[in-house]
**Q** 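Before I ask anything, here is the structure I am working with.
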Amino acid sequence: MIDWHSALNPAQLEAVFYRAGPLLVVAGPGTGKTRVLTYRIGYLIDAGIARPDQILAITFTNQAAREMSGRISKILESSEVDSRPGIATFHGWALGLLKKRLGREARLLIDEMDAIGICRDAVRDLGLSLARAQGIYRRISQAKQYWPPRIDKGLEAVYHAYHLILKEYGLWDYDDLILEVLRLFEDEKFRAEFHTEVPFVLIDEFQDVSPAQYCLVKAMVKRDGDITVIGDPNQSIYGFRGADPGSMQQFSIDFKGVKTVILDTAYRSPQAFLDAAKGVARIKGICLKSKRRHIHRLEIRSFKGPGAEAKWVARTIEQIVGGLSFDSLNNGTARGSNLRGLSDVAVLFRFRALGTQIAKALASQGIPFQRADDPDPLAQEELCSIWRVWEAVKGRGIQYHLKRMPGNDDLWHKRIQDLRSSPEASDGPRLLSSIIEMLGLDPNRPVLRALQRTVERYPEEDSLAVLIRTESDILDLNIEAVSLLSIHAAKGLEFPVVFMIGCEDGIIPWKEADPDEERRLFYVGLTRASEKIYLTHVRCRRLFGQEMDAGPSPFISDIPEGLLVRAQGHRPKRARKPRQGRLF
DNA sequence: GTGGAGAAGATTTTT
DNA sequence: TCTTCTCCAC
């Protein structure tokens, strides 16, 4: 028996039990968003309202999908349900649906790296050699965030050339998945069938859906259907991808009789952090109330340059995990030991480049850390070649992969044909060894051995890309290491101690970005912390060869002064110099 | 197909 | 400033 009432607060209960059509849940940071989603799914199943296969929950990342699956399994431990609800990202779900629906007609999904490569080809074919493929790809992708795609005049030629190549090789890029599914849904009959088969839809992080995804949501669910969307307009930080903080409001207009539930009890952040964040994001109306009683302040420090900033961050982390409690750090009175581990600490920044210096400083202090922006393992040449041969052997995009293999096309063609007709084609581990041998790689290299083990562990997994990426999964929060993250990447995560570095005008807000979105980004950063926040800025930073010395971020002055502690970056100069002169 | 010179451009990111 | 890409010569 599940004890709903002790697991959920009244607002959460209202959301979980609501049964009369479209539901909009506005959930501030740390108010139990995932909790509501998982319990709602659990309730639908446990109460016999829905069969698991009638439920589809869409999350923002694969990681979130995995986490939610795990939590639902836990909730349903005691109930006798054998199947599990569908939980996936938009893209993951779309790909599955397309494969099921189109069978052999389904195309091969390529990643961004390959898509940029194809853009390059398209640009070359058009004789526009000066244009930059990466920029073009970004613009094409931008256009495909809308339905129908918004192709501006200057882009038309490359856009069509790019898609012609995709078609020729039978490929889809990630954005195509959404658009192709939208195409499926244009068929009345298909739509009606879907409405009957999957009548319960839940969407997480709704403030960040793209316009095309929004259209898809409208197609997936009837206007008065059983849809739950949950999100926080103040955490909408993907405007560059077309997301619009107004989409939550729009939901109330587009769906019929929408019920709105507001979750305003925050379990993560202390009130001071919420108030500070609120000041920056200029939030009116909804007021989050913290359940955490302690008095906390945000500490601000100023440094001469990035080097000093990084060094200080490293030293402070060392102190924190060295066993000093926060209270003793703050006011000099040691009160018990709040021992902290490295995984309790995150360093957040506006963009990658800022993380590099911190990484260096941590490395030189011997502090273990992990970065969320580690490069895609498939970008490594060997792994990429292995993946290409694997895919070709599986019959996916043969022509395409052949073109991209180093060396002679015909030779590879023959080798791949041989492999395809041999028995190991359907035996993952054996296929992998053959490919490694064929490529002349040393099978004893640690990366390849790790890959071999992974393939053995998941013999039913057909996609090597999935295996490679799962293994080197971006961020493992259980590892004892400091997390270095962009603020974007930190969305949805929580850490006791958060450092936000580079709080300077021109960095956050980034000078070319939408200032309101930058405010929301700062809001997201501040609401990641549950115990301690350090904000740092430097007086002079060199970025892209240019000196930046515009002063601290204007957002800092939007934080009520009473919530701040201003501390010197290092020993004050004025005190030291004259004394030294006199004494020595 | 490689290597060197020169130019361009440089957030944020999911799949 | 630094990296990444393009172009052209060999």
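Order of the sequence lines fixes the chain letters, A, B, ..., with proteins taken first and strands second; residue numbering starts at 1 for each chain. Predicted model only: the values in this text are computed from it and were never measured.
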**Q** So which of A/F351, A/F349, A/F240 actually passes ring-ring contact (aromatic ring centres under 6.0 Å, His included) with A/H488?
**A**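 The option that passes is A/F240.
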
**Q** Check for a donor-acceptor pair, side chain of A/R519 on one end and backbone N or O of A/V280 on the other, with a separation under 3.5 Å.
**A**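 At least one qualifying donor-acceptor pair exists.
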
**Q** Between A/H537 and A/S553, is there a donor-acceptor pair closer than 3.5 Å when you use the side chain of the first and the backbone of the second?
**A**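 Here the side-chain-to-backbone pair does not exist.
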
**Q** Using a 3.5 Å distance criterion without hydrogens, assess whether the side chain of A/Q213 forms a donor-acceptor pair with backbone atoms of A/S210.
**A**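 Yes, the answer is positive, given that a donor and an acceptor are paired below the 3.5 Å cut-off.
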
**Q** Please give the distance between the C1' atoms of B/dT12 and C/dC5 as a whole number of Å.
**A**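 After rounding to an integer number of Å, I get 22 Å for this pair.
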
**Q** Out of B/dT13, B/dT15, C/dC5, which nucleotide sits closest to the side chain of A/T61?
**A**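 Output: B/dT15.
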
**Q** Determine the contact category for A/E112: base if any of its heavy atoms lies under 4.0 Å from a base atom, sugar-phosphate if only primed atoms, P, OP1 or OP2 are that close, otherwise nothing.
**A**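 Touches a base.
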
**Q** With C1' as the reference atom in both, quote the distance from C/dC2 to B/dT13 in angstrom, rounded to an integer.
**A**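 About 23 Å, rounded to a whole number of Å.
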
**Q** Could you tell me whether the side-chain ring of A/Y174 sits stacked on the base of B/dT15, using a centroid cut-off under 5.5 Å and a plane angle under 30°?
**A**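 Yes, A/Y174 stacks on the base of B/dT15.
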
**Q** Are A/S210 and B/dT14 close enough that a side-chain N or O sits under 4.0 Å from OP1 or OP2?
**A**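 Answer is no, no contact under 4.0 Å.
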
**Q** Taking CD from A/Q134 and P from B/dG9, how many angstroms apart are they, rounded to a whole number?
**A**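 After rounding, the gap between these two atoms is 12 Å.
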
**Q** A/F544 has a side chain; which of C/dT1, B/dA10, B/dT14 sits nearest to it?
**A**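 Output: B/dA10.
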
**Q** Does A/R352 place a side-chain N or O at less than 4.0 Å from the phosphate oxygens OP1/OP2 of B/dT12?
**A**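 A/R352 to B/dT12 OP1/OP2: side-chain N or O found under 4.0 Å.
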
**Q** Between atom CG in A/L171 and atom P in B/dT15, what is the gap in whole Å?
**A**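 It works out to 20 Å between those atoms.
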
**Q** Specify the separation, in whole Å, of atom NZ of A/K491 and atom P of B/dT14.
**A**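 Distance, rounded to whole Å: 10 Å.
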
**Q** Below 4.0 angstrom from OP1 or OP2 of B/dT14, is there any side-chain N or O of A/N62?
**A**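 For B/dT14, OP1/OP2 do not have a side-chain N/O of A/N62 under 4.0 Å.
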
**Q** Looking at C/dT1, B/dT15, B/dT13, which one has an atom nearest to any side-chain atom of A/R542?
**A**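 Nearest to the side chain of A/R542 among the choices is C/dT1.
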
**Q** Would you mind classifying the nucleic acid contact of A/Y238 as base, sugar-phosphate or nothing, using non-hydrogen atoms under 4.0 angstrom?
**A**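 Since only primed, P, OP1 and OP2 atoms lie under 4.0 Å of A/Y238, the category is sugar-phosphate.
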
**Q** Here's a test of your reading of the structure: between A/I237 and A/G92, which maps to the more 5' nucleotide of DNA chain B?
**A**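 Its nearest nucleotide lies further toward 5', so the answer is A/I237.
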
**Q** Distance check needed: B/dT14 C1' versus A/L493 CG, whole Å only.
**A**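 Atom CG in A/L493 sits about 14 Å away from atom C1' in B/dT14.
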
**Q** What residue among A/D204, A/T38, A/D232 forms side chain to side chain donor-acceptor pair (under 3.5 Å) with A/K33?
**A**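 Of A/D204, A/T38, A/D232, side chain to side chain donor-acceptor pair (under 3.5 Å) with A/K33 is met by A/D204 alone.
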
**Q** Between atom CD in A/E512 and atom C1' in B/dT11, what is the gap in whole Å?
**A**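 The answer, rounded to whole Å, is 8 Å.
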
**Q** Output the rounded distance in Å from CG (A/D114) to C1' (B/dT15).
**A**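 The answer, rounded to whole Å, is 14 Å.
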
**Q** Distance check needed: B/dT15 P versus A/Q145 CD, whole Å only.
**A**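 One finds 14 Å between P of B/dT15 and CD of A/Q145, rounded.
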
**Q** Roughly how many Å is it from CZ in A/F60 to P in B/dT13, rounded to a whole number?
**A**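 In whole Å, B/dT13 P and A/F60 CZ are 10 Å from each other.
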
**Q** Measure from NZ or CZ of A/K491 to the centre of the six-membered ring of A/F60, then state whether that distance is under 6.0 Å and the direction lies within 45° of the axis.
**A**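 That pair qualifies as a cation-pi contact.
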
**Q** Report yes if at least one side-chain N or O of A/R120 is closer than 4.0 Å to OP1 or OP2 of C/dT6; otherwise report no.
**A**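 Looking at the OP1 and OP2 atoms of C/dT6, one of them is under 4.0 Å from a side-chain N or O of A/R120.
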
